[in-house]
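Everything below concerns the one structure shown next.
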Amino acid sequence: MGLDVYAVRPSQDRVIDNAAFQRLQEMPPEERGEFGWLRPAELEPFRELPREFTTGGLFWPSDGDPTGFRGQVYDEWVSDEFGVGLYDLVDPEEVRGLLKRLDEWLVRAESGAVPVPLFGHDSDDGYALARVRSLAAFLRAVAAQNLWLFPDY
């Protein structure tokens, strides 16, 4: 399992979801053409995210790239709570679905209806919910640009 997760976009417009990506992978090389993952076109939304984890920001990735975060910190909770693994390739529609469910979860958490994950802390240090909001802010930036979540193994 990897550590970090990044917001990326495919280098070919025909890759719109996981099914299209699979079809591309199955093509002969001469039909497939060159393919790669590119950085988001707009980096500013990612640079503006709160990143100080100790005070509720998103955990920086190991390389400090603003288009990523330390998925290892959140993956178990996201997987258990929403059934989505951050270490799977998550296409734009899946990102929007996860964000919608996370926003709904935040409403319940703010009312005290669901327990807030502690992300490695022994007890709530007052920033647990802010950390989840920071993850949601990252997903909003990803969804706004129709990006994918790409695991770094």
Side-chain angles (χ1 to χ4, degrees), residues 1-53 55-110 114 116-117 119-120 128-153:
M1 181 181 301
L3 292 177
D4 302 326
V5 177
Y6 294 91
V8 297
R9 58 191 169 96
S11 63
Q12 293 184 13
D13 291 340
R14 63 183 167 176
V15 179
I16 58 170
D17 58 19
N18 272 314
F21 181 64
Q22 276 304 116
R23 285 190 302 275
L24 182 78
Q25 297 299 98
E26 294 167 0
M27 289 179 181
E30 61 275 4
E31 287 181 38
R32 181 180 346 157
E34 291 293 319
F35 180 81
W37 295 102
L38 307 172
R39 292 172 61 83
E42 296 293 325
L43 297 177
E44 201 57 35
F46 296 98
R47 290 186 178 125
E48 294 174 352
L49 293 171
R51 291 292 185 150
E52 184 58 48
F53 186 74
T55 57
L58 194 65
F59 206 108
W60 278 101
S62 57
D63 63 3
D65 183 328
T67 65
F69 66 95
R70 183 60 62 97
Q72 180 181 22
V73 172
Y74 308 91
D75 184 57
E76 183 178 353
W77 176 73
V78 170
S79 186
D80 289 349
E81 190 68 35
F82 304 107
V84 176
L86 294 175
Y87 293 113
D88 298 326
L89 184 62
V90 182
D91 71 31
E93 189 61 34
E94 293 168 327
V95 170
R96 285 187 288 281
L98 174 58
L99 176 59
K100 180 180 185 291
R101 291 169 35 219
L102 183 56
D103 282 339
E104 291 166 353
W105 181 92
L106 280 166
V107 169
R108 292 191 316 274
E110 288 166 354
V114 293
V116 179
F119 298 123
L129 194 54
R131 290 183 183 104
V132 179
R133 285 187 196 111
S134 293
L135 177 61
F138 182 90
L139 294 177
R140 257 187 279 295
V142 171
Q145 292 188 53
N146 210 32
L147 301 172
W148 299 55
L149 293 181
F150 184 85
D152 175 25
Y153 293 103

Contacts table for residues 17-36: side-chain donor-acceptor under 3.5 angstrom, sequence neighbours left out:
residue, atom, partner, partner atom, Å
Asp17, OD1, Ala19, N, 3.2
Asp17, OD1, Ala20, N, 2.8
Asn18, ND2, Leu89, O, 3.1
Asn18, ND2, Glu94, OE1, 3.0
Arg32, NH2, Met27, O, 3.0

Distance check, rounded to the nearest 0.5 Å: Glu81 atom CD versus Glu76 atom CD? 12.0 Å
Would you compute the distance between atom OH of Tyr87 and atom CG of Leu3 and round it to the nearest 0.5 angstrom? 5.5 Å
Using the side-chain hydrogen bond (donor to acceptor under 3.5 Å, both in side chains) criterion, which residues pair with [X]? Sequence neighbours excluded.
X      : value
Glu110 : Arg133
Ser79  : none
Arg70  : Asp4
Arg14  : Gln12

Hey, can you tell me if Trp77 and Trp105 have their rings parallel, tilted or perpendicular (30° and 60° cut-offs)? perpendicular
Are Glu104 and Arg108 within salt-bridge range, i.e. N to O under 4.0 Å? no
Contacts of [X] that satisfy side-chain contact (heavy atoms from CB on, under 4.5 Å) - sequence neighbours left out:
X      : value
Glu42  : Pro45, Gln145
Asp63  : Tyr6, Pro61, Asp65
Ala136 : Leu99, Leu102, Asp103, Leu106, Arg140

List for me each residue that meets ring pair (Phe, Tyr, Trp, His ring centres under 6.0 Å) alongside Trp60, sequence neighbours excluded, and say none if there are none. none
Considering residues at least two apart in sequence or located in another chain, which fulfil the ring pair (Phe, Tyr, Trp, His ring centres under 6.0 Å) criterion with Tyr74? Phe69, Phe119
Are [X] and [Y] close enough that some pair of their side-chain heavy atoms sits under 4.5 Å apart?
X      : Y      : value
Phe138 : Val5   : no
Val142 : Leu149 : yes
Leu98  : Val90  : no

For a quick test of reading the model, state the closest non-hydrogen atom pair linking [X] to [Y] and the distance between them.
X     : Y      : answer
Asp88 : Pro151 : O-CD, 4.0 Å
Ala7  : Leu147 : CB-CD1, 3.9 Å
Gly56 : Ser134 : O-OG, 2.6 Å
Leu86 : Gly71  : CD1-O, 4.0 Å

So, Arg9 side chain and Asn146 main chain: donor-acceptor pair closer than 3.5 Å or not?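 Absent.
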What residues form a salt bridge (Lys or Arg N to Asp or Glu O under 4.0 Å) with Glu93, not counting sequence neighbours?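 Glu93 satisfies salt bridge (Lys or Arg N to Asp or Glu O under 4.0 Å) with Arg96 once adjacent residues are dropped.
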